[in-house]
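Here the structure is a predicted model, which means the values were calculated and not measured.
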Amino acid sequence: MKVIHHPVMLREVIMLLKPVLGGVYVDATVGLGGHAEEILRHIGNGRLLGIDRDEEALDMAMKRIPDNRLTLKKGKFSDISKMAAETGFSEVDGILFDLGTSMFHLKTAERGFSFFSEEPLDMRMDREQEITAAYIVNKYPEKEISRILWEYGEEKLSRKIARAVIDYRAEKKIDTCAELSDIVYRVYRKRGKHHPATKTFQALRIAVNDELNELRKGLNEAAGILKSGGRLCVISYHSLEDRIVKNFIRDEHKQGGLRMLTKKPIAPSDEEVRFNPSARSAKLRGAEKI
């Protein structure tokens with residue numbers, strides 16, 4: 001399946017990251033390689049470590065960028081310093097996190113991220129891990145499902161949806177994305193500007209992949225391996241992520257570890273949003289190691 005990949009805020013990322021000739025960089029969410037490809041154009045004989053939890057994404061990035069300056073590794077944010085050390089990077093000049101779910105995942109039905117997919121409800125970035133979204137909705141107690149929807153999706157109808165899930169699974173196991181989407185739709189009984197299952201699917205994806213805890217750990221790991229003057233850039237896509245990034249940079253700034261580069265987040269241009277609507281909620285923040 002061919003997936004058209006548009007790296008978000010590419011120009012703004014390069015301006016904030018300021019890659020230098022001979023520099024050493026980490027793309028902590030290399031995905032299909034859009035940002036990585038551009039970083040390599042600016043670093044001459046420098047080196048880039050690309051990390052992702054998804055082997056399929058890494059394979060696609062390797063095919064897209066057959067460049068010996070790029071090293072690709074499978075791993076999580078919490079292992080960034082370990083992977084950097086294994087690659088021979090003791091200190092780095094810059095690190096990029098792009099926290100968005102790629103079109104590759106959303107458009108590949110069998111990965112189980114899409115509302116409309118008749119494929120199994122999955123949502124794992126790393127397909128070797130055991131917990132799936134189907135496991136959560138079929139095995140977790142009602143109170144825990146409600147908590148996940150409220151905390152990770154900020155879903156105002158979290159209790160009603162959790163109750164509907166419990167009622168449905170008492171009769172039949174919830175197997176597919178479309179089944180769960182229909183359960184949520186029946187709770188809402190209407191379509192708004194966004195699909196009614198948007199927050200539920202976001203919450204489950206975050207829970208399956210432990211995304212917020214991994215982000216917290218990853219930011220700490222990143223700050224630890226940045227050299228003085230090195231830059232950290234993060235693109236987030238919803239308030240939970242952005243709050244973690246904002247608070248981390250603010251706290252490190254107060255403690256004298258990082259200098260804040262963006263008092264307010266950078267947003268994509270109107271032109272980019274028209275060209276790539278999935279970029280509309282993106283926020284870019286940056287900091288520099290002191």
So, the side chain of [X] versus the backbone of [Y]: is there a donor-acceptor pair under 3.5 Å, distance only?
X	Y	result
Glu155	Leu157	yes
Asp52	Gly31	yes
Lys74	Leu58	no
Asn138	Ala134	yes
Arg205	Ala133	no
Ser81	Glu221	no
Glu288	Leu258	no
Arg169	Ile166	no
Arg124	Val208	no
Thr87	Met83	yes

To check you understand the geometry: which heavy-atom pair defines the closest contact between Tyr185 and Pro196, and what is its length?
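Smallest interatomic distance, heavy atoms only, reads CD1-CG, 3.7 Å.
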For the student: nearest non-hydrogen atoms of Ser117 and Thr176, plus distance:
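Minimum heavy-atom contact is O-CB, 4.1 Å.
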Aromatic plane relationship, Tyr135 with Tyr140 - under 30° parallel, 30 to 60° tilted, over 60° perpendicular:
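Tyr140 and Tyr135: perpendicular rings.
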Measuring centre to centre across the rings, with the benzene-like ring taken for any Trp, is Phe89 within less than 6.0 Å of Tyr25?
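No, the ring of Phe89 stays outside the 6.0 Å limit from the ring of Tyr25, centre to centre.
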SB check Arg285 Asp242 (cutoff 4.0 Å)
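Yes.
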Could Arg127 and Glu56 be called an ion pair, given the rule that one side-chain N must be under 4.0 Å from one carboxylate O?
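Between Glu56 and Arg127 there is a salt bridge, with a charged N closer than 4.0 Å to a carboxylate O.
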Same hydrophobic cluster for [X] and [Y], using side-chain heavy-atom links shorter than 4.5 Å among ILVMFWY?
X	Y	value
Leu10	Ile39	no
Tyr152	Trp150	no
Tyr188	Phe201	yes
Ile95	Met15	no
Val8	Val273	no

Distance-only polar pair, side chains of Glu154 and Ser239, donor-acceptor under 3.5 Å
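Yes - a donor-acceptor pair under 3.5 Å links their side chains.
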Verify salt bridge (Lys or Arg N to Asp or Glu O under 4.0 Å) between Arg274 and Glu271, making sure each step is shown before the conclusion.
CA-CA 5 Å; Arg274 283 194 298 270; Glu271 180 183 3; 5.7 Å; no
Does any part of the side chain of Arg163, heavy atoms only, come nearer than 4.5 Å to the side chain of Glu142, both counted from C-beta?
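Heavy-atom side-chain distance check passes, below 4.5 Å.
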Are side-chain heavy atoms of Leu284 and Pro265 found at a separation under 4.5 Å?
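Counting from C-beta outward, Leu284 and Pro265 never come under 4.5 Å.
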Option among Ile80, Thr71, Val24 that satisfies the side-chain contact (heavy atoms from CB on, under 4.5 Å) test with Leu49:
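For Leu49, the side-chain contact (heavy atoms from CB on, under 4.5 Å) check succeeds only for Thr71.
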Given His35, which partner from the list Val30, Asp27, Leu40, Leu48 fulfils the side-chain contact (heavy atoms from CB on, under 4.5 Å) test?
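Among Val30, Asp27, Leu40, Leu48, the one that satisfies the side-chain contact (heavy atoms from CB on, under 4.5 Å) with His35 is Asp27.
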Among Glu179, Arg186, Lys173, find the residue that satisfies the side chain to side chain donor-acceptor pair (under 3.5 Å) test when tested with Tyr168.
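Only one of Glu179, Arg186, Lys173 forms a side chain to side chain donor-acceptor pair (under 3.5 Å) with Tyr168, namely Glu179.
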